[in-house]
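Okay, so here's the structure we're looking at.
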2 protein chains.
Amino acid sequence: MTLIRRNGFAATSIDQLCTAAGVTKGAFFHHFASKEALGVAAAEHWLAMTSPLFAEADYHALPDALARVLGYLDLREALIAGDIDAFTCLAGTLAQEVHQSSPAIAHAADRAIVGHATTLEADVGRALADHGVVDIDAAELALHFQAVLQGGFVLAKAAGDPEPARAGVRHLKRYVTLLCKGERA
Amino acid sequence: MTLIRRNGFAATSIDQLCTAAGVTKGAFFHHFASKEALGVAAAEHWLAMTSPLFAEADYHALPDALARVLGYLDLREALIAGDIDAFTCLAGTLAQEVHQSSPAIAHAADRAIVGHATTLEADVGRALADHGVVDIDAAELALHFQAVLQGGFVLAKAAGDPEPARAGVRHLKRYVTLLCKGERA
DNA sequence: GGCATCATACCAACCAGTCGGTATGGCCGC
DNA sequence: GCGGCCATACCGACTGGTTGGTATGATGCC
């Protein structure tokens, strides 16, 4: 499904998808009722595929919650490298493209993004609590992480360069550090 | 060109565009060499259209640079309201969709985003300098503003709700305030 | 046999882009 | 000021190819 990330959902034909996957069109429509159904399934598959990558990461073993949050952001920054289509997010691409034409796909993309953010919520909440930050909602901040990443991806695509996306994550780390410790990283 | 923001570039046919604009296909291809040329022109037009909106805003009259920066962010937050297709950014939509298939459009979109960020650079730089922040590049921070906005738009589209985009801007204001004043807003 | 899993051939709709033709209006010699 | 000339602006039917989707048949498994 890299094709969709590269060229977009509308610009990727079912024939292309079938050729790339080595199946025939008959097989495709046997498994998916329509192209839209494929989009929904792709968004769900995306969440299922990326989840273990973060679930099994090392930073979970750190004793300090803030360190775990910063560890997550370190990993995100490290993942932003090489070819643009390699680190970019399918859910964001889908959401931006079909938000009006296909509510079903948009909703699936939203679940993928929010679902991932939810996995951060506990650590973010504890990090904030550990440092006496009481006026910030952990879920909202975790979602903001995703916003910064998605925005970084957009800028990276426009510029043809991963650097703006990495810079965004660095700002995010500084923000979290300032929030919790009240001092510059 | 609202059609492109609503449905995406690939999903919007030239016939639709012509019908909406009240012109014929002959007239279209008289003015634009191809659909790609229209995309480039649309991105350029987008920058030209949105520029005065910010150039003439009130916050420019404020004496303090940090206040001007926060004033800009206040305006951005206020603009995120109502229908999703009304406040969303055309350049970001284009960039995400055609970054691989059409380098010309992607580059035009990049110029629109970076061009807008450049107009913030002076105020951001002065605000940082006024508060003794020396290790942050003003241009990069101004670009980060755009990343947060673009990311907010993506989440808003996925959720079908402007709130995540507004929340992103609020976090941005807090970040800038923390950076400059070292304290919570 | 009967059912799930495909493969092949096909279709109507739609796409970006073309092309022959027309209307308009400025310009120039007279 | 007028007739001929031509460039620019525009029209809309048309084309070759592609699209998402379907109808029908082959194949293997129980």
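By convention in this document, chain letters (A, B, ...) are assigned in the order of the sequence lines, proteins followed by strands, and residues within each chain are numbered from 1.
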ask   = With sequence neighbours excluded, what pairs up with B/S34 under the side-chain contact (heavy atoms from CB on, under 4.5 Å) test?
value =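 By the side-chain contact (heavy atoms from CB on, under 4.5 Å) rule, B/S34 matches B/E36, B/A37.
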Q. So how far off straight is the helix from C/dG1-D/dC30 to C/dC30-D/dG1, going by the axes through five pairs at either end, to 10°?
A.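 Angle reported: 10°, given to the nearest ten degrees.
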ring-ring contact (aromatic ring centres under 6.0 Å, His included) partners for [X], two or more places apart:
| X | result |
| --- | --- |
| B/F29 | none |
| A/H116 | A/F54, A/Y72 |
| B/F9 | none |

Check every nucleotide of DNA chain C for an atom under 4.0 Å from a heavy-atom of chain B, then give the first and the last such nucleotide from 5' to 3'.
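For DNA chain C, the relevant span reads C/dC15 to C/dT18.
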Atom pairs and distances, donor-acceptor, side-chain atoms in residues 157-166 of chain B, under 3.5 Å, two or more places apart:
{"from": "B/K157", "atom 1": "NZ", "to": "B/T93", "atom 2": "OG1", "distance (Å)": "3.1"}
{"from": "B/D161", "atom 1": "OD1", "to": "B/E163", "atom 2": "N", "distance (Å)": "3.2"}
{"from": "B/E163", "atom 1": "OE1", "to": "B/R166", "atom 2": "NE", "distance (Å)": "3.2"}
{"from": "B/E163", "atom 1": "OE1", "to": "B/R166", "atom 2": "NH2", "distance (Å)": "3.3"}
{"from": "B/E163", "atom 1": "OE2", "to": "B/R170", "atom 2": "NH2", "distance (Å)": "2.7"}
{"from": "B/R166", "atom 1": "NH1", "to": "B/I80", "atom 2": "O", "distance (Å)": "2.6"}

Could you give all pairs that pass the salt bridge (Lys or Arg N to Asp or Glu O under 4.0 Å) test and reach [range], with sequence neighbours left out?
| range | answer |
| --- | --- |
| residues 44-68 of chain A | A/E44-A/R111, A/R68-A/D123 |
| residues 11-32 of chain A | A/D15-A/K25 |
| residues 87-100 of chain B | none |

Do any N or O atoms of the protein come closer than 3.5 Å to N or O atoms of nucleotides 15-22 of chain D, and which pairs are they?
{"from": "D/dG20", "atom 1": "OP1", "to": "A/K35", "atom 2": "NZ", "distance (Å)": "2.9"}
{"from": "D/dG20", "atom 1": "OP2", "to": "A/I14", "atom 2": "N", "distance (Å)": "2.9"}
{"from": "D/dG20", "atom 1": "N7", "to": "A/K25", "atom 2": "NZ", "distance (Å)": "3.0"}
{"from": "D/dG21", "atom 1": "OP2", "to": "A/K35", "atom 2": "N", "distance (Å)": "2.8"}
{"from": "D/dG21", "atom 1": "N7", "to": "A/K25", "atom 2": "NZ", "distance (Å)": "3.3"}
{"from": "D/dG21", "atom 1": "O6", "to": "A/K25", "atom 2": "NZ", "distance (Å)": "2.8"}

Notebook entry, point to check: Passes side chain to side chain contact (heavy atoms under 4.5 Å, CB included), B/L66 versus B/K181? Steps please.
Noted result: CA-CA 10 Å; B/L66 177 57; B/K181 296 191 162 180; 4.0 Å; yes
task: Check the pair A/H144 / B/V148 against side chain to side chain contact (heavy atoms under 4.5 Å, CB included), numbers first and verdict last.
output: CA-CA 8 Å; A/H144 176 60; B/V148 172; 3.9 Å; yes
Quick check: does any side chain N or O of A/R5 sit under 3.5 Å from a backbone N or O of A/T88, one acting as donor and the other as acceptor?
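Yes, the answer is positive, given that a donor and an acceptor are paired below the 3.5 Å cut-off.
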Just to be sure I understand the geometry, which residues of residues 38-45 of chain A put a non-hydrogen atom under 4.0 Å away from DNA chain D?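 Of all residues in residues 38-45 of chain A, none places a heavy atom under 4.0 Å from DNA chain D.
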| task | Could you give me the CA-CA distance, side-chain angles and deciding distance for A/L141 and A/L179, then say whether side chain to side chain contact (heavy atoms under 4.5 Å, CB included) is met? | result | CA-CA 11 Å; A/L141 182 56; A/L179 266 180; 4.3 Å; yes
